[in-house]
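Notes for the one structure printed next.
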Amino acid sequence: MSVLFQTRKYLFRKPFNNTFCKYVFLRKNSDVPRKFVTFDEIVTQRRLEAQRSLVVQVNSDSSFNELYSYCSKYASINDIHHYKNSGGEHFMLIEFESEDNLKEVLKSCSAHNKDHDMISVQSPFVWFRAAAGKKEKLVAHEKNLAVKNGLEIINEDVLYQELMNCDTVSDQIQLMYDRTTLNDLGIRLRYMVARQLEVIFSSLYSNVRVQPFGSSVNGFGRMGCDLDLILTNTLTEEMSEGGRRLVFQEKRCEGGRGAARHVELAGALLELRVPGAARVVRVLHARVPIVKYAHLYTDLHCDLCYNNLSGAHMSELLWQLGALAPRARALAVLVRRWAARAGLTHAQPGRWLTNFPLTLLVLFFLQQRPALLPPLDLLVRYARKEDVRIAEENINCTFLRDLNKLPPESYGQNDDDLETLLFKFFEFYSQFDFEDKAISINVGKAIRKPNSLPLYIVNPLEQSLNVSRNVSYEECERLKLEVRNAAWHLESCLEGKRADDWGILGLIESKSSRGLKKLLRVGNSHRLVSMKDIFNDDDEPAVEGIRAKLQKYVKNDKEVEDSIKEMKSEMIKEKKSDQITFKNTQTKNEVYRIRRDKIV
Ligand code: GTP
Ligand code: MG
């Protein structure tokens with residue numbers, strides 16, 4: 001089954017899971033045909049899916065038959081998805097037919113607390129114990145795994161080769177999006193991690209809800225992106241009905257700082273009560289207090305905040321704009337990747353851009369005439385009573401949710417292909433007057449800058465704020481330089497013949513690593529010479545060894561000398577950044593691994 005997103009020129013086909021489609025996209029005959037589903041509908045269906053799912057740690061993917069056979073004794077199974085985490089452990093996400101089915105299965109689970117420090121806890125993450133004694137007879141069935149190794153991220157060399165083989169730059173951009181964007185299992189697991197917290201926190205908060213937001217759900221996320229979570233306990237209409245005379249006594253948060261205190265408590269619960277949660281770090285003095293943790297069973301880095309509803313509505317807004325113009329998603333995913341490679345964005349926050357304001361830059365560009373996207377003001381103008389949302393601190397997050405109600409002529413007026421859009425994006429910002437103008441997706445036009453901060457991007461939901469207030473003068477200058485370089489690169493691609501940095505390759509891969517790749521590639525295969533073969537354990541480049549190895553693959557002495565110089569400078573750069581102190585050796589090793597993979 002597939003969902004068709006039709007724009008004037010493009011037909012985008014995105015695979016979705018069967019069950020998911022059944023609920024979201026198949027409608028009764030009596031329904032009026034609709035082009036767009038709402039964000040709320042998608043969230044509701046994903047949450048329901050998580051409420052009838054279980055993640056089971058197994059021995060390997062061949063445990064499928066035994067697990068299927070065992071669980072089908074208790075309940076009907078929709079599908080089983082397999083994945084491995086970075087520790088090489090195997091897991092299966094089972095989606096049952098109903099939540100009641102899952103309850104039956106949970107009733108049959110046992111605890112395993114041999115250790116006195118361990119107090120048993122129920123959550124949707126379990127493990128499958130080896131059968132005691134004689135092996136049970138397997139139930140006959142015709143099911144197969146819905147997906148095997150479902151979290152595998154495409155190998156960079158394979159990706160580069162596929163990009164190299166594309167016919168057009170537009171194909172490259174689309175391929176990049178299709179190959180790297182968050183897949184169905186990635187989304188399911190994010191909702192499972194949210195569900196786990198919801199189940200565990202529900203004994204402390206009434207009507208608790210934990211929900212993913214940010215790039216996990218806004219349509220711009222890549223495989224492996226961080227998981228932003230929001231904890232809320234908003235009352236239902238029923239619960240706050242005035243006619244009910246018996247009202248629960250409640251506890252006011254003494255000493256103020258409510259959000260920070262709740263986040264602090266969540267931190268303690270994560271440490272003590274949430275299986276799979278590790279490396280818990282509280283960031284309580286930020287504007288939005290968060291607790292960061294790693295979820296070991298799913299390999300996710302999570303940021304949990306309390307009641308930051310405007311952040312969740314912001315994700316909804318980005319998702320909606322992406323739904324109006326699927327080309328916006330493909331373009332933004334590429335621009336995010338380009339910015340990371342150009343060193344404009346970094347994993348840690350600082351005096352530079354992050355992915356969120358960068359995405360606003362893309363959306364703003366697409367609002368320019370002929371416009372692919374409408375200004376946010378238009379969505380606000382068309383909002384109805386049911387679209388009213390007031391978030392924390394009275395932030396007004398009201399805008400039209402049902403995009404079917406938007407006049408079709410207010411968006412999609414641009415027929416440019418992705419290549420043209422990308423080029424025009426870089427050209428647009430090469431000429432943008434950053435000194436005097438601010439970017440506002442509310443009006444879709446550049447407006448006068450209210451202050452002299454180097455980069456001014458209006459916060460769409462709180463228009464008095466600048467989402468890029470942290471960006472320094474130097475970083476803004478670098479942005480201007482990099483967009484000019486990128487425009488120049490794309491322009492020269494159109495004129496010149498195909499080289500190894502053809503099209504988007506020159507934007508997403510640094511020149512030095514491309515040079516090294518070229519030199520180290522063995523024949524036509526994707527296999528490269530390992531860095532381990534080249535450097536000693538103490539990370540000192542064994543120059544003679546490198547020379548000998550490189551000479552095996554290339555003839556030209558100058559190429560060998562150049563590549564050694566590049567390697568040395570990479571090593572010096574790495575050494576400099578190695579002076580950073582890491583939280584623990586695992587993080588340090590991870591950073592080293594990422595850098596090493598970047599090089600070779
Ligand atoms: P990556 O995590 O880098 O993949 O991107 P992201 O889109 O998830 O960005 P980030 O984790 O920094 O922020 C998470 C979400 O919070 C964003 O997608 C926005 O929806 C929202 N957000 C970020 N900054 C602000 C802000 O200043 N105000 C509001 N209301 N929401 C914000
Ligand atoms: Mg995020």
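Positions are given from 1 along the sequence. Both counts, for ligands and for their atoms, begin at 1 and track the order of listing.
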Heavy atoms, side chains only, cut-off 4.5 Å: are [X] and [Y] in contact?
X: Val380; Y: Thr398; answer: no
X: Val280; Y: Lys292; answer: no
X: Tyr160; Y: Ile508; answer: yes
X: Asn149; Y: Tyr83; answer: no
X: Lys84; Y: His82; answer: yes
X: Cys302; Y: Val193; answer: yes
X: Leu151; Y: Leu189; answer: yes

Which is closest to atom 4 (O) of ligand 1 by heavy-atom distance: Gly214, Ser215, Gly221? Ser215
Give the single entry among Glu462, Arg287, Glu392, Arg469 that approaches atom 26 (C) of ligand 1 most closely by any heavy atom. Arg287
Where on [X] is there a heavy atom closer than 4.0 Å to ligand 1, on the side chain, on the backbone, on both, or on neither?
X: Phe213; result: side chain
X: Asn218; result: side chain
X: His313; result: neither
X: Asn459; result: side chain

Strictly under 2.8 Å, is any N, O or S atom of Asp303 next to the Mg ion (ligand 2)? no
Quiz question for you: does at least one protein heavy atom lie closer than 4.0 Å to atom 18 (O) of ligand 1? yes
What about Ser315: any of its N or O atoms under 3.5 Å from an N or O on ligand 1? yes
Are any of the N/O atoms in Phe356 less than 3.5 Å from those in ligand 1? no
So Ile457 and Leu455, side-chain contact (heavy atoms from CB on, under 4.5 Å) or not? Walk me through it. CA-CA 7 Å; Ile457 304 175; Leu455 183 61; 4.2 Å; yes
Would Arg179 pass as a cation-pi partner of Tyr177, given that its NZ or CZ must be under 6.0 Å from the six-membered ring centre and within 45 degrees of the axis? no
Would you check whether Arg222 reaches within less than 4.0 Å of ligand 1, judged by its heavy atoms? no
State if Asp228 counts as touching ligand 1 under the rule of any non-hydrogen atom under 4.0 Å. yes
Residue Asp228 atom name (nearest to the Mg ion (ligand 2); N/O/S): OD2
More than 12 heavy atoms of other residues, nucleotides or ligands under 6.0 Å from NZ of Lys445: is that the case? no
For [X], the ligand 1 atoms whose distance to one of its heavy atoms is below 4.0 Å:
X: Ser310; value: 30 (N)
X: Asn355; value: 1 (P), 3 (O), 4 (O), 5 (O)
X: Arg336; value: 4 (O), 5 (O), 7 (O)

Salt bridge present between Glu95 and Arg188 (N-O < 4.0 angstrom): yes
For atom 29 (C) of ligand 1, grab the closest protein heavy atom and report residue, atom and distance to one decimal in Å. Met314 CE, 3.4 Å
